[in-house]
Visitor: 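This is the structure I have questions about; it appears just below.
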Amino acid sequence: MNVNDKDYRERVYEIVRQIPVGNVMTYGQISMILGEGYTARTIGYVMHGADSDKVPWQRVINSQGKCSTGRLTIPVNLQQELLEAEGVVFNDKGKCDLGKFLWSPAGFEPEDEAQTTLFSR
DNA sequence: AACTTGACGAGGG
DNA sequence: CCCCTCGCCAAGT
């Protein structure tokens, strides 16, 4: 798998574009939906090449409900600020309530208690 | 071809 | 809740 392959990246962006304003998804969740060849790390790699005008990249955060953009080209806190402007609430430790803001595409909603717990951890 | 480095995730202390 | 370790997979050197 190669992130330079357009189709490979597009499959990720297609999902990200579907996330409604004020909601978020996690890297791991997206990788599980896309399945083979994709891992949380891969999704992150694809996202750094995302066109910020075409993809709501800020709506993809880590599984702990925090933004993990600290060490790269993106200004620290920018992602969180963009999300807060959309209505996502973060606590004093920079964490948001995934049980409340996490979104899943049609057909991929968590089906049982176990998954619900997993997704909102 | 070996080694390092991530916009990651889960588990243990 | 913080910190560390390990597994993960693709890129850059």
Side-chain angles (χ1 to χ4, degrees):
Chain A
M1 304 311 158
N2 179 358
V3 296
N4 293 312
D5 173 40
K6 188 172 185 188
D7 291 333
Y8 184 89
R9 293 197 313 273
E10 274 311 310
R11 283 195 277 279
V12 176
Y13 299 153
E14 270 177 37
I15 291 179
V16 176
R17 274 193 284 266
Q18 294 175 49
I19 307 175
V21 172
N23 284 80
V24 299
M25 280 184 78
T26 68
Y27 302 98
Q29 188 188 0
I30 294 174
S31 74
M32 289 201 263
I33 291 172
L34 290 174
E36 87 182 66
Y38 292 86
T39 67
R41 265 185 138 48
T42 309
I43 302 302
Y45 210 89
V46 169
M47 290 310 291
H48 89 209
D51 184 336
S52 51
D53 290 325
K54 295 185 170 187
V55 179
W57 59 271
Q58 73 274 22
R59 294 179 197 145
V60 184
I61 64 182
N62 66 29
S63 71
Q64 300 156 61
K66 299 200 264 185
C67 301
S68 29
T69 50
R71 42 204 137 170
L72 286 202
T73 54
I74 301 171
V76 189
N77 295 334
L78 173 60
Q79 182 171 22
Q80 183 174 326
E81 286 168 16
L82 287 171
L83 289 174
E84 288 177 324
E86 297 184 355
V88 179
V89 180
F90 286 84
N91 66 19
D92 54 336
K93 292 163 193 92
K95 190 168 79 185
C96 75
D97 184 352
L98 288 181
K100 211 178 254 173
F101 303 107
L102 188 67
W103 177 82
S104 298
F108 291 99
E109 293 87 355
E111 310 198 347
D112 52 44
E113 290 295 325
Q115 266 188 311
T116 302
T117 306
L118 173 67
F119 281 148
S120 50
R121 175 166 8 187

Visitor: Tell me: OH of Tyr45(A) to P of dG6(B), nearest whole Å?
Guide: 10 Å

Visitor: If I take atom OH in residue Tyr38(A) and atom C1' in nucleotide dA10(C), what distance separates them, rounded to the nearest angstrom?
Guide: 13 Å

Visitor: For Met32(A) and Phe108(A), run side chain to side chain contact (heavy atoms under 4.5 Å, CB included): C-alpha distance rounded to whole Å, both residues' side-chain angles, the deciding distance at 0.1 Å, then the answer.
Guide: CA-CA 10 Å; Met32(A) 289 201 263; Phe108(A) 291 99; over 6 Å; no

Visitor: Kindly say if Ser68(A) contacts the phosphate of dC8(B), meaning a side-chain N or O under 4.0 Å from OP1 or OP2.
Guide: yes

Visitor: Given Thr26(A) and Gln64(A), is the side chain to side chain contact (heavy atoms under 4.5 Å, CB included) satisfied, shown in steps?
Guide: CA-CA 9 Å; Thr26(A) 68; Gln64(A) 300 156 61; over 6 Å; no

Visitor: Taking the minimum atom-to-atom distance to the side chain of Gln79(A), which one of dA7(B), dA11(C), dC9(C) wins?
Guide: dA7(B)

Visitor: Walk me through whether Ile33(A) and Met25(A) qualify under side chain to side chain contact (heavy atoms under 4.5 Å, CB included).
Guide: CA-CA 11 Å; Ile33(A) 291 172; Met25(A) 280 184 78; 3.8 Å; yes

Visitor: Between dC9(C) atom C1' and Tyr8(A) atom OH, what is the distance in whole Å?
Guide: 8 Å

Visitor: Could you give me the CA-CA distance, side-chain angles and deciding distance for Tyr38(A) and Arg11(A), then say whether side chain to side chain contact (heavy atoms under 4.5 Å, CB included) is met?
Guide: CA-CA 10 Å; Tyr38(A) 292 86; Arg11(A) 283 195 277 279; 3.2 Å; yes

Visitor: Which nucleotide wins on minimum distance to the side chain of Trp57(A), given the candidates dA10(C), dC2(C), dA7(B)?
Guide: dA7(B)

Visitor: Measure from CE on Met32(A) to P on dC9(C) and round the result to the nearest Å.
Guide: 14 Å

Visitor: Does dC1(C) have OP1 or OP2 sitting under 4.0 Å from an N or O in the side chain of Lys95(A)?
Guide: yes

Visitor: Is there a donor-acceptor contact under 3.5 Å from the side chain of Gln79(A) to the main chain of Gln58(A)?
Guide: yes

Visitor: Could you tell me the separation between the NE2 atom of His48(A) and the P atom of dG12(C), rounded to a whole number of Å?
Guide: 7 Å

Visitor: Could you state the CD1-P distance from Ile61(A) to dA7(B), rounded to the nearest angstrom?
Guide: 16 Å

Visitor: dG9(B) phosphate, OP1 or OP2: any side-chain N/O from Ser63(A) under 4.0 angstrom?
Guide: yes

Visitor: Calculate the interatomic distance between Asp92(A) atom CG and dC1(C) atom C1'; express it in whole Å.
Guide: 12 Å

Visitor: Round to the nearest Å and state the distance from Met47(A) atom CE to dA11(C) atom P.
Guide: 16 Å

Visitor: Which of these nucleotides, dC2(C), dC8(C), dG12(C), is closest to any side-chain atom of Thr39(A)?
Guide: dC8(C)

Visitor: Measure from the side chain of Thr26(A), starting at C-beta and using heavy atoms only, and say which of dA7(B), dG9(B), dC2(C) lies closest.
Guide: dG9(B)

